[in-house]
Peer 1: 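Questions regarding the structure given below will be posed in turn.
The model shown is predicted, which means the values in this text are computed figures rather than measured ones.
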Amino acid sequence: MCLGQIGNLLPHVALSANLAQHLIPAWGLSAAEGGLLASGYAFGYMLAVPVLTTLTDRIDARLVLLCGSIVSGLATIAFGLFAVGFWSGVAIWSLAGLGFAGAYMPGLKALTDRLPAGDASRAVTLYTSSFSLGVGLSFLVAQLVADHWGWRAAFVLTGIGPVVMAVVCLAMEGRRPEPKPGRLLDFKPVFANREALGYIFGYGAHCFELYGVRTWLVGFWTYVIAHQGAPSWMSAVVVSFVFAVVSMPASILGNEAALKFGRHRAITVVMIASAAVAVLIGLNVGAPGWAVAFLLLAYGLTVPADSGALTAGTSAAASREHRGATLALHSTVGFGLSAAGAWGTGVALDFAGGPQSAAGWMLAFIVLAAGISMGPLALLWARVGETKSAIPVK
């Protein structure tokens, strides 16, 4: 499943990897328009995931995963072949996000449905952590192919990646869930679960920061190279790949810390640290390239360190009969705020002078810090609610 997910993620940041250097200049886009173009993926995901993930409470998640993987790959190839500007790009990239909505959380559901309860936490963390390796390879392949054969070839080639998950699905044994009464999109039990909501809203804050920085990472490092300089080996390809790949051990270690010290405590510490690093990067945009690279490496560790613990927390807090609906809301909130993160950082860049302005990048990182700072507040809200509900009424 982890190998299949890496294949599914090969198209994931193909657009972000080529946004600043290829698509914005070719189509004459502003930073805000570039952010909207990238957020189309998250927007398509957000629209489809409530239906597709909740559907896994009714049918075998393997079937949803198979169809979603195929749509994601075909839409990515279509972007490379047919996208000619902002509107066609948004439409096709949103379709790719819609396909991924059938591939990520349904994949998690297909995995957890086939595991004993005691194996779930670490398995979920390994699955979510392999996301980072897939994103790293997406950054790497998309940029290398675009540099040699053009950005259209990058989309066509990365669009082949989901074939790996299709093979995994065909090899997986069938597993039909127990029949569920009631409506398909019934989120009332999820909204009544305050513990799960705390993790869901925290995940939203995490996704705002994560998607915001992934969308603009290549553009930011391109700015650093142009203004502060950096060693020749420290290219945008290398920096973006390393930033993504270090996320995998960071997420695994973050979940281990959550198991040892408590999820709320560990996640809160990570989120506060991530906000602090984002502010430091914003205040040191004009520092030497090696110093900015060091801060980005630290940021690459703090941004994903809460991911596995948040998703494992949501899965653990969900009742078994409503796990699909709970994961659906988890993804809907997460990718809805992912879209806001990509667009919001683009707006901040335009407002403060654009991608060639130090003030623009400073404001962009401050926006990212503000977004992740909402996570600890969400967890505090959930804990206070649990405490109040535990107090007997006299």
Side-chain angles (χ1 to χ4, degrees), residues 1-16 39-57 60-73 75-76 93-114 120 123-138 158-159 161-166 168-169 172 199-200 203-204 206-207 210-211 214 244 247-248 251 304 307-308 310-312 314-315 318 323-339:
M1 284 295 292
C2 291
L3 289 173
Q5 182 178 217
I6 290 170
N8 260 347
L9 283 161
L10 203 58
H12 193 69
V13 291
L15 191 145
S16 298
S39 68
Y41 191 90
F43 185 70
Y45 185 105
M46 179 188 69
L47 291 180
V49 76
V51 175
L52 296 179
T53 306
T54 308
L55 192 63
T56 63
D57 284 332
D60 191 346
R62 175 178 68 104
L63 301 177
V64 180
L65 174 61
L66 176 61
C67 294
S69 301
I70 292 171
V71 171
S72 173
T76 304
W93 201 233
S94 297
L95 183 61
L98 185 149
F100 190 65
Y104 181 48
M105 280 299 166
L108 179 62
K109 181 69 161 46
L111 177 64
T112 55
D113 282 350
R114 291 162 173 80
V124 167
T125 298
L126 186 60
Y127 178 83
T128 56
S129 299
S130 65
F131 196 109
S132 303
L133 180 57
V135 171
L137 289 174
S138 180
T158 56
V163 169
V164 179
M165 184 60 93
V168 172
C169 288
M172 192 185 301
Y199 290 116
I200 288 169
Y203 182 70
H206 158 79
C207 287
L210 178 65
Y211 208 75
R214 279 181 177 166
S247 299
M248 187 171 184
S251 184
S307 176
L310 285 164
T311 303
T314 300
S315 183
R323 183 175 289 159
T326 305
L327 292 175
L329 186 62
H330 181 83
S331 269
T332 301
V333 171
F335 277 77
L337 287 173
S338 292

Peer 1: Which atom names give the shortest non-hydrogen contact between Met165 and Ser69, and what distance separates them?
Peer 2: CG-OG, 3.5 Å
Peer 1: Tell me if the CZ atom of Phe131 is crowded by more than 12 foreign heavy atoms within 6.0 Å.
Peer 2: yes
Peer 1: Which pair of non-hydrogen atoms, one from Ala42 and one from Phe335, has the smallest distance, and what is that distance?
Peer 2: CB-O, 3.3 Å
Peer 1: What closest approach, in Å, do Gly4 and Val164 show between heavy atoms, and which atom pair accounts for it?
Peer 2: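 Nearest heavy atoms, Gly4 then Val164: CA-CG1, 3.9 Å.
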Peer 1: Any side-chain heavy-atom pair from Leu9 and Phe100 closer than 4.5 angstrom?
Peer 2: yes
Peer 1: Please check: side-chain N/O of Thr314 versus main-chain N/O of Leu310, any donor-acceptor pairing under 3.5 Å?
Peer 2: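 Yes: the side chain of Thr314 pairs with the backbone of Leu310.
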Peer 1: When rounded to the nearest 0.5 angstrom, what is the spacing between NE2 in His206 and OG in Ser338?
Peer 2: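 Answer for the NE2-OG pair, His206 versus Ser338, is 8.0 Å.
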Peer 1: Which pair of non-hydrogen atoms, one from Leu65 and one from Asn8, has the smallest distance, and what is that distance?
Peer 2: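 Residues Leu65 and Asn8, closest heavy atoms: CD1-ND2, 4.2 Å.
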Peer 1: Can you give me the closest heavy-atom contact between Pro106 and Ala61, atom names plus distance?
Peer 2: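 Answer, listing the atom of Pro106 first, then Ala61: O-CB, 3.5 Å.
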Peer 1: Verify, without hydrogens or angle tests, whether Tyr199 (side chain) and Ala312 (backbone) share a donor-acceptor contact under 3.5 angstrom.
Peer 2: no
Peer 1: How many angstroms lie between atom CG of Leu66 and atom CE of Met172, to the nearest 0.5 angstrom?
Peer 2: 9.5 Å
Peer 1: Are the side chains of Leu98 and Leu47 in touch, meaning some heavy atoms are under 4.5 Å apart?
Peer 2: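 No, every pair of side-chain atoms sits at 4.5 Å or beyond.
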Peer 1: Please name all residues satisfying side-chain contact (heavy atoms from CB on, under 4.5 Å) with Leu329, sequence neighbours left out, ordered by chain then number.
Peer 2: Phe187, Val190, Phe191, Leu197, Ile200, Val333
Peer 1: Within a strict 4.5 Å, meaning less than it, do heavy atoms of the Leu111 and Gln5 side chains meet?
Peer 2: no
Peer 1: Any idea which heavy atoms bring Cys207 and Gly334 closest together, and the distance?
Peer 2: CB-O, 3.0 Å
Peer 1: Let me confirm one number: the SG-CE distance from Cys169 to Met1, rounded to the nearest 0.5 Å.
Peer 2: 6.5 Å
Peer 1: List the residues meeting side-chain contact (heavy atoms from CB on, under 4.5 Å) with Thr311, not counting sequence neighbours, and say none if there are none.
Peer 2: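 For Thr311, the residues satisfying side-chain contact (heavy atoms from CB on, under 4.5 Å) (neighbours in sequence not counted) are Met105, Leu108, Val124, Thr128, Tyr203, His330.
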Peer 1: Can you check side-chain contact (heavy atoms from CB on, under 4.5 Å) on Ser138 and Val13, steps first, answer last?
Peer 2: CA-CA 6 Å; Ser138 180; Val13 291; 3.2 Å; yes
Peer 1: Please enumerate all residues that pass side-chain contact (heavy atoms from CB on, under 4.5 Å) together with Ala96, with sequence neighbours excluded.
Peer 2: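 Listed in chain order: Tyr41, Ala75, Thr76, Trp93.
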Peer 1: When rounded to the nearest 0.5 angstrom, what distance separates CG in Leu3 from CG in Leu133?
Peer 2: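 Separation between the atoms: 9.0 Å.
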